[in-house]
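To start, the structure under review is shown below, and the notes come after it.
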Amino acid sequence: MQKGGATVELIKNLMNAIHYVDSHLTQDISVEDVASQAYMSVSHFQRVFHVVTGITVGEYIRNRRLSQARAGHAASQKQGYRYSDAVPI
């Protein structure tokens with residue numbers, strides 16, 4: 001395989017791993033599971049992911065979960081729900 005082809009394959013594998021994370025945010029996600037989606041060992045995947053994205057796999061998962069929570073909170077605010085409405089006193 002040519003060097004350019006290997007780079008394309010690497011990016012495709014990383015995209016598969018990111019898609020896996022995004023599809024399983026509400027479940028427990030291990031780095032082992034994510035690395036297997038990219039067809040890499042855990043240590044190699046963590047290095048490659050950090051070099052490409054500038055953040056660790058754990059940071060990416062945490063940031064995506066926080067973004068999802070913010071989006072859910074913003075949607076509930078648009079619909080007029082408040083935390084105090086859901087919690088009886």
Heavy-atom closest pair, residues Ser41 and Ala35: O-CB, 4.0 Å
Over all atoms of both residues, closest heavy-atom pair of Gln27 and Arg65: O-NH2, 2.6 Å
His24 atom NE2: more than 12 heavy-atom contacts under 6.0 Å: yes
How about [X] and [Y]: do any of their side-chain heavy atoms sit closer than 4.5 Å?
X     : Y     : answer
Thr56 : Phe49 : no
Gln37 : Val21 : no
Val57 : Phe45 : yes

Distance check, rounded to the nearest 0.5 Å: [X] atom [atom1] versus [Y] atom [atom2]?
X     : Y     : atom1 : atom2 : answer
Ile18 : Asn13 : CD1   : CG    : 11.0 Å
Asp28 : Leu25 : CG    : CG    : 12.0 Å
Ile55 : Arg62 : CD1   : CZ    : 9.0 Å

Under 3.5 Å: donor-acceptor pair, side chain of His44, backbone of Met40: no
By ring-ring contact (aromatic ring centres under 6.0 Å, His included) - contacts of Tyr39 (at least two apart): none
Partners meeting salt bridge (Lys or Arg N to Asp or Glu O under 4.0 Å) with Asp22 (sequence neighbours left out): Arg64
Pair Ser36-Asp33, side-chain donor/acceptor within less than 3.5 Å: no
Check against side-chain contact (heavy atoms from CB on, under 4.5 Å), Leu14 and Glu9: CA-CA 9 Å; Leu14 283 173; Glu9 195 65 29; over 6 Å; no
